[in-house]
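This structure is a prediction, so every number in the text was calculated from the model and none was measured. Just so we're on the same page: letters track the sequence lines, and every chain starts at 1.
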Amino acid sequence: MSKFLKAGVVVAAVVGSAVIADIAESAEIAEGEKVFRKCAACHTVGEDAKSRVGPHLNDLFGRTAGTVDGFKYSAAMVAAGEGGLAWDEQSLTQFLVKPREVVSGTKMAFAGLRKSVDVANVLAYLKTFDADMAATVATDEAPEEASAAAETEETPAQPAELPSADHDGPMKLGRLATEDEIAAWDIDIRPDGLGLPPGRGTVAQGEPIYTDNCAVCHGDFGEGIGRWPVLAGGQDTLTNERPIKTVGSYWPYLSTVYDYIRRAMPFGNARSLTDDEVYALTAYVLYLNDIVDDEEFELSPDNFTEIGMPNEDNFIPDTRPAEEHYAEKTEPCMSDCKPGPVKITMRAQVLDVTPDGDEEGGGAID
Amino acid sequence: MSGRNNKSKSGVDTSRRGFLTAGLAGGAALAATGMARANGDPLITEIQDWNRYLGDGVDAAPYGMPSEFEAHVVRRDVPWLTADPVSSVNFTPLHELDGIITPNGLCFERHHGGVAEIDPADHRLMIHGLVERPLVFTMQDLMRFPRENRIYFLECAANSGMEWRGSQLNGCQFTHGMVHCVVYTGVPLKYLLDEAGVKTSGKWLLAEGADAAAMTRSIPIEKALEDCLVAFKMNGEALRPEQGYPVRLVVPGWEGNMWIKWLRRLEVGDEPWGQREETSKYTDLLANGQARRHTWAMEVKSVITSPSPQAPIAHGPGRTVITGLAWSGNGRIDRVDVSLDGGRNWRPARIDGPSISKALHRFYLDIDWDGSEMLLQSRAMDETGMIQPMKDELRAARGENSIYHNNGIQTWHVNGDGVAENVEVS
């Protein structure tokens, strides 16, 4: 069957190549829309587009870099615009492949689009939000040039020129890591402060960052929206029937807050915050938990390890093997182990939360 | 949801019950028409389509999939458990499986920032910290180290975590399905650490993933050198993306969260790092408000997978097979006992198939069921003498807010029709 279907498509293509071109173009835009999901955590397009974490991207083509009103760019981006950088197909292609190489110091944390075809598609999609460019999409051939440019640019980035077998390990496999490589990945912070980067931030600076990036899931006061994690409150609930485990009520170390925000937050746009912003956010989370109460409190490596968390002393080692039911290790009972017939004391069907509809159940897995 | 999962592509109900009912109804309809038919099962006396017409050729399925009649055998999730499916879990359909190996596509998933898509050519693994030589490996480099093949179970520490306060979810897929067991092919972590040269001050290892959660856990160096693997194959083929393709850490017998997927970095240090997943999460809150941490080992555990709520006895009284799984992070399973009366009386089950340390064990109890109600339980014992506790014993020791490490004995109530339910007993 499938052979005949394919043949049919080929015939149609020959007869109606103009139709095919249209289809290809709209496919490009549709693919571009998918690629744009990577951008949408920070950028918006369309009628109600506003600048959020990044500037809005309507009418992008022809725009001088760093010039959307009201958006706070990095100094580097403003300088690039003043130096003559304007967004067109070529500059956007180069930028999207290696943002930090084109504008060193940009606060756009996105690493870049690896595939040339993704760049071409996302530009096709962005053109549909550009009053001047929308009409030209059909005849525009620039994406091909652009992809060629992207590929030539990728070549020098390959680590092929780095030496291999450059060490005397037993099997002579792998190569020595460079200091810059280690610095790029070694982002963990230990409870004793090891790993804290230089920087600083205050509660007051943290509040707007929190409102823009965190409140959508964690709530304005860290109360948690829906089942997203509660960040604040819950003190003195750990022995309750339903304990509320928050940064303030449960977490033993402040370093974990900094480390986790820096590596994994905001959810869906990890590694997008500067070190100063993470200090400010960490200070703000302390404030939400009443661990500091001064809005001008500034957190930095100088005072970081002085902040003790209220619940730190309540963590104990693994004592499971000493539990009574394990410690005995006798031959288990095989007959008449319980007095009289066994009775049912609870049934899952009463609760009825097994997935089959719109149930809301209790409990949690993490 | 179960409706969708019980239908084949053609919309036919392919659950075990539906299948039986359809067969009976077909037979009855034929009998009622009174047409001249050979006496017997029409599936035998009449020529069937699959017996006459040709089937698919060898080019139809370059990567083979299960029969369409198995379309209901899938991982399932519990939407209300978590805020978002991107940071959530789904469950292995244990009630439909047999043997000890889990098929790759049915291994439960748990990830905290979605499934990372990584071209192996773009993947790097770095070892640094307290080592003589900080190193970077490509996947090609990793494949040049000597390899080993090992069968291990992987269990999420939160498996059965929804049952601390009592029976909640009606199916062993949901109560026990955060476990799987496959053959891993990989490089002993020791070889990689030796290549970098761990300094004598190196006591801990931080493992980190390349995903959007940049998952991290601290692991004591003794465990890393003892039996951990850096694995790139499961059941002979490349890791599935949701299991950490192209490379994951294997930490035998210890909680699944430590088996870092998309493994990109190993840092050697002299103290643990107090990461989110070992402080705020994966710590076990006790009734007195204290919390245990570094509760790494998975304790001795078992469950009857059939009959169970999703796998009722459909054939009525007579011979039947009770089967289940047992495992322990401490080593081999020595014995599994089964009770039909809620734990008053026990009899040893038969373990069949290989008995491998820190792997799933399959057990069977073949009985003549008289059609009376049963309260089915299984109880495992491991080679270190640990005996699976009753749920109430665990609650007495830990309270009900631990979330993690619930290895208590599970009870299924089976009624006279063979229908099974998740219950708690006196």
Within residues 175-196 of chain A or reaching into it, pairs that qualify as ring pair (Phe, Tyr, Trp, His ring centres under 6.0 Å) - sequence neighbours excluded: none
For residues 228-240 of chain A, please give each side-chain donor-acceptor pair under 3.5 Å, one per line with the distance, not counting sequence neighbours.
{"residue": "A:Thr237", "atom": "OG1", "partner": "A:Gly234", "partner atom": "O", "Å": "2.7"}
{"residue": "A:Thr237", "atom": "OG1", "partner": "A:Ile244", "partner atom": "N", "Å": "2.9"}
{"residue": "A:Thr237", "atom": "OG1", "partner": "A:Ile244", "partner atom": "O", "Å": "3.3"}

Please determine if B:Glu299 and B:Arg398 form a salt bridge, counting it only when a charged side-chain N lies under 4.0 Å from a carboxylate O. yes
Against chain B, label A:Glu323 side chain, backbone, both or neither, depending on which of its atoms sit under 4.5 Å from a heavy atom there. side chain
B:Glu424 with B:Lys391: basic N within carboxylate O range, under 4.0 Å: yes
Could you check which of A:Thr256, A:Asn314, A:Ile316 has the highest count of heavy-atom pairs closer than 4.5 Å to chain B? A:Ile316
Assess whether ring pair (Phe, Tyr, Trp, His ring centres under 6.0 Å) is satisfied between B:Phe91 and B:Phe108, documenting all intermediate values. CA-CA 5 Å; B:Phe91 300 88; B:Phe108 82 95; 7.9 Å; no
So which part of A:Ile189 gets closer than 4.5 Å to some heavy atom of chain B, the side chain, the backbone, both or neither? backbone
Under 4.5 Å to a heavy atom of chain B? For A:Asp259 that would be side chain
If we define contacts as heavy-atom pairs under 4.5 Å, which of A:Ala327, A:Ser255, A:Pro191 has the most with chain B? A:Pro191
Check each atom of A:Pro332 against the heavy atoms of chain B and say whether the ones under 4.5 Å are side chain, backbone, both or neither. both
Can you tell me which portion of A:Ala270 sits under 4.5 Å from chain B's heavy atoms? Options are side chain, backbone, both or neither. side chain
Charged N to carboxylate O below 4.0 Å: is that the case for B:Asp337 and B:Arg347? no
If you tally heavy-atom pairs under 4.5 Å between each of A:Phe267, A:Tyr253, A:Tyr260 and chain B, the highest tally belongs to A:Tyr260
